[in-house]
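Here the structure comes first, spelled out in structure tokens, and everything after it is commentary.
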Amino acid sequence: MTTGGFSETDFTTGVLAGDQRAVPRCGQLTYTSFDRPTAGRGQVLGGWQVKAVAGGLDEFEQDAVRVGINTRFETVVALPTFPTQEEIEGRPRRLHYGPLIGDSVAYWHSVQAGSDASGRPGNVFVHVLVDRAPLLPPLRRPISLWRSSGWLTPFGAELVARSELVETEPFPEGEVLELSRIVNFVLDPGVWRIGVLSVLLDAVQDAIAKRGTVILGVEDPERGALWVGAVSALMASSAAARFYFSTYERHPSREDLEALNVHLVCVPIEDLAELELPGSVVVLSELETPSLGELDSSEGANHESHRTERDAEVEVTEWSVLAQTVFLDPDTAVEALTQLDDIAEAGPVFIAETAWPLAELVIRNDIFSDAQSEARRVIDRVQSPVRRIGSEQPVALSIAQSGTEYHGSRQDPFDSSSGDVPSVMPSGAIQQSQRVSEGYLGILAMPSLTPEQSEARWFRFLGIVRETPGWSTKGFDFRNIFGRLDARPTPELLRTVQSVAHGFLDRLNIEAMPVRSANSQSVEIEIVRFADLIMNAGLFDEGIEAPVRALIVRAVVPLLLDESTVQTFTASVGAISVPLRQLIRGCVVDERVNGSFTVRPLGFRVPRAAIVWMLPTEDVQIDGGIRGNATAVEEPTVALVADLVLRTVADSPRCHLGEWSPFVPLALWRVLWESRTKNDAEAAQAYFVGDATSLFSPEYLPHEDLLTLAQRFPDVVPPRYLQSTIISSRQPPEIGFVCANLVRDAEAGRLALTIGLRDVDGDATALSWAQVRLADRWAASGFAELERVVGLMRPALMSFCRMNAAEIAELSTDVLDRLVVLLFASRWARDRCAAPHVPFVGDAQISGLRHSILGSSDYARTNIAELIRSGIIDREWLLVTVMFLTDGAPGQARRRPDLLTSLGLGSENGAGLLESLARETLSDLRGFGDEVLSPIADMFREEVRRRPNVDSQAEIAKYRPFVWQWFEHLVMPTSESECSQGPLGRLGKDKI
């Protein structure tokens, strides 16, 4: 672990992220409840508020910090009302480390602060540290700030009021989480912790890759900090800077985890049993003994995942195997882990593999020979580019370490208005600069009216490039000076250009070994500018393309793929022409050059700054829509567009895509296309960063594009995002295809491949709506199938009953027709199959459905009639249901109309659909009439006793006096014409 706190230069001023003002690297803020509440004009009110700000935190940074503040701090064992000083010093603490804005991160440190100034208990003091450049030296593992003496931890209203931020003092690291203590904790002979650590490491690695969260139950916050320290100790400081955690949370919900936006959350063990979280969240206890799995071998042998006591499966990775190997004994582990940062610093420039430094450590030490094969697998996954010449630091760091204030942005040497000659230069450098300037001025004075004259200028310029390192640092607009050749270049000029290109390759080979001085990107910048000039001018053929491509691959691509160098590099180079942008893009997406391009998840393949630089929106020649060229998704440009869009979504909760928003359908198309190549949900989710389902927002994805994607990728698009289209679409053929695919894939178990965080309830509801939309002939499959289908459609019915009038108005008539039949069938299923009660149907729902019965559509009437005529819904049930629509005698209205009556299925004058169907089914009883007992009395009594949801004795007593009236009403026809018309014919009399 890195020792020591911030250096003094951490608080010197410099330009960060292109800002034009001088700001320190770090800012601070405190938040608590302070000042006694008062009323009156001009008085300061108390309560929760920002107490102090330091380090130049602007309004946006403060807003972002406040979003992460949690003013609840409940401990398992409450602090005494009047604690001793020892108890105050030992108070539990919470350290939440997470992303803020852009590359910035924040540490939210919270402690209980007793009662506030008004005497209210439960005050919490939150001290926040913002690091605007966490990846710049000095690097450290964030957990090293645990119990730092720099945190303000006042207790009591008086100390809270007097607390003040100290801006100038270095912020020290804590002294309790030394590497030796972490190693001894893991290797405690009294407790076997290697098992939990192995599962935790692999679960955390999965969470980092997929932006997920792992829950670890701990006995107290101190133990939580030790576990965070153990995970951090097994990665380099640079990787730990992007490992986000919280050492103490109580009862976190799914929404809480989304707001925290961390990879590891420690909670009290006592809370684990009460957690209600999605199945994708791994929950682990530090006290359990998990079943350890085996790593998949390269030969394809069978393997097993880790399994927790809660039956969660965690895929085994090389990281946990390497960790087990390194933890041989305390001394060996401490000595080995202290080398990780040095290994990471000396390694390839764009390593993102968390386990890579540990793998390098194992490879270099024979003592760890048992894990050599696992280490080699990690190293082989990571491309090893030619090492960057030197180790130039970004502009902001160079300024900070020199202690010099910088109040302007770095100028582009391609800009003719710039003249960025350093104010202090050695005399030899000044003379060389003067010679270069004189050479350029001489070129400008040369005529260029004929092809020969233009080539003469080029020969002279190429001589300067060949003989003068640093030729591109002067303020000359080379592209405008040389332009494009009007005539075909001579072979001699092309050979000279090729020779200069090979000269750059020789310089790379010679200068790659020794460490170069300050401006170590100068060669790479010259290479880009040289390539840009010759390609823009048309000085390019197959002989030149090979060395230029090699230069781009060896010198430029590594810088573009390195988050720590890409912004400085692209800003220094400036804009480049279209031909060079195309060449660079081809190199970046070429797996032979960038082997990790298709291995890393989308959204984490290429830094945003690199994509914006080499792929402006005008270069995307493909329409943002997806309904045209069916093969466009395979093009490299689309992969870069998708990478940029997903990175933007992952970095910004509000998804500010700006000029890239028209390309969201294209990006989502690429996500689904790549996810389709995976054979399980975990692999598909790992193929992109963040929650790609945010791209399904109607703001970015037109209705037609969503339908197209659902038809092309029926087993990948999450059903919940199709629900709105399913229930409102007026395109029956297309929506029928989508619904059929959803239902088929759900029954076959293929919907496990859907991308994004699983939402079981949301997806189940959408699938239920698909079942409703697909329903055609309800009586086609018999009793058991009707019972099953009604059960599958219940989530849709529940969803419908929660809709408001505006939402119901958006439903298609097809859906409304089917909902009427579903409500009727659900009433039958409740009585016959002990299905759940029909949910409450409000006035808005009834108003929306009545037209399906009383309007021009006959879908609902026809299917209800077929269910009854087929015998699936028996006449005994129908008889009692019709009788229950009244308050006893036929035509006697109930004080509150039954739902079926409100829908128009029952009628006060006896000519409703259900009454008509009852007459039809009871027509065989017309020969009776002289008996003492009504022929329907037994039917009524037996049916009522079958229904578990009614008081049978009370209902029998209520309707017994009217059984003859019901017999006459339902069995004896009122006229011959009524008999001849049938139920569907008579229904027209009741239209309203």
Side-chain angles (χ1 to χ4, degrees), residues 1 135 139 141 143 179 182-183 186 194-212 214 227-245 263-264 282 292-298 303 305-306 314-328 332-333 336-365 367-384 561-563 595-596 599-601 604-605 682-683 686 689:
M1 304 274 285
L135 295 178
L139 292 173
R141 293 168 177 81
I143 193 61
L179 179 57
I182 292 172
V183 170
V186 173
I194 289 294
V196 172
L197 178 62
S198 298
V199 179
L200 182 61
L201 288 174
D202 293 335
V204 165
Q205 177 150 310
D206 185 69
I208 291 174
K210 301 177 183 177
R211 298 182 70 87
V214 179
W227 282 109
V228 173
V231 174
S232 302
L234 288 161
M235 62 176 80
S237 295
S238 55
R242 294 305 187 207
F243 166 46
Y244 306 129
F245 58 82
H263 304 120
L264 176 60
V282 175
L292 297 187
E294 296 180 0
L295 184 65
D296 184 13
S297 68
S298 58
H303 67 287
S305 300
H306 301 308
V314 177
E315 192 71 20
V316 184
T317 73
E318 292 85 1
W319 196 19
S320 63
V321 177
L322 297 173
Q324 294 176 37
T325 303
V326 170
F327 276 105
L328 284 175
T332 300
L337 295 179
T338 54
Q339 304 174 37
L340 291 186
D341 283 350
D342 292 336
I343 293 173
E345 183 177 354
V349 296
F350 56 91
I351 294 299
E353 174 72 57
T354 307
W356 177 81
L358 196 61
E360 281 284 349
L361 173 70
V362 169
I363 288 292
R364 298 178 186 183
N365 291 272
I367 191 175
F368 304 131
S369 57
D370 291 346
Q372 295 286 313
S373 61
E374 289 83 358
R376 178 55 57 190
R377 289 176 62 176
V378 174
I379 294 170
D380 289 345
R381 278 203 303 267
V382 181
Q383 180 191 8
S384 299
L561 298 179
D562 188 350
E563 292 278 6
S596 62
V599 175
R600 293 181 179 181
F604 195 63
R605 293 178 182 176
E682 294 297 326
V689 169

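Numbers here simply count residues along the sequence, with the first being 1.
- Shown here for D202 and S320, the closest heavy-atom pair between the two residues is OD2-OG, 2.7 Å.
- Annotation: the span from Q324 atom CD to L201 atom CG amounts to 9.0 Å, rounded to 0.5 Å.
- At least one donor-acceptor pair closer than 3.5 Å links the side chain of W319 to the backbone N or O of L234.
- Screening residues 230-242 for salt bridge (Lys or Arg N to Asp or Glu O under 4.0 Å) gives D103-R242 as the qualifying pairs, with residues at least two apart or on separate chains.
- Taking CD1 from I194 and CZ from F327, the interatomic distance works out to 6.0 Å, rounded to the nearest 0.5 Å.
- Here the shortest heavy-atom pairing between A230 and L197 reads CB-CD1, 4.1 Å.
- The side-chain heavy atoms of E374 and T325, taken from C-beta on, include no pair separated by under 4.5 Å.
- Under the side chain to side chain contact (heavy atoms under 4.5 Å, CB included) criterion, A236 pairs with S238, D341, A344, P357, not counting sequence neighbours.
- Rounded to the nearest 0.5 Å, atoms OG (S373) and CZ (R376) are 10.5 Å apart.
- Taking 4.5 Å as the limit, every side-chain heavy atom of D206 sits out of range of all side-chain heavy atoms of V314.
- Going from atom CG of L340 over to atom OG of S232 covers 11.5 Å, rounded to the nearest 0.5 Å.
- Looking at heavy atoms from C-beta onward, Q372 lies in side-chain contact with V362 at the 4.5 angstrom threshold.
- Residues W227 and V196 are in side-chain contact: their nearest non-hydrogen atoms beyond the backbone lie under 4.5 Å apart.
- Applying the side-chain hydrogen bond (donor to acceptor under 3.5 Å, both in side chains) test to T332 and every residue at least two apart in sequence or in another chain returns D329.
- Between the OG1 atom of T354 and the CD1 atom of I208 there is a distance of 4.5 Å, given to the nearest 0.5 Å.
- Taking the side chain as every heavy atom from C-beta outward, I143 and F243 never approach each other to under 4.5 Å.
- Atom CD1 of I182 is separated from atom CG of L337 by 9.0 Å, given to the nearest 0.5 angstrom.
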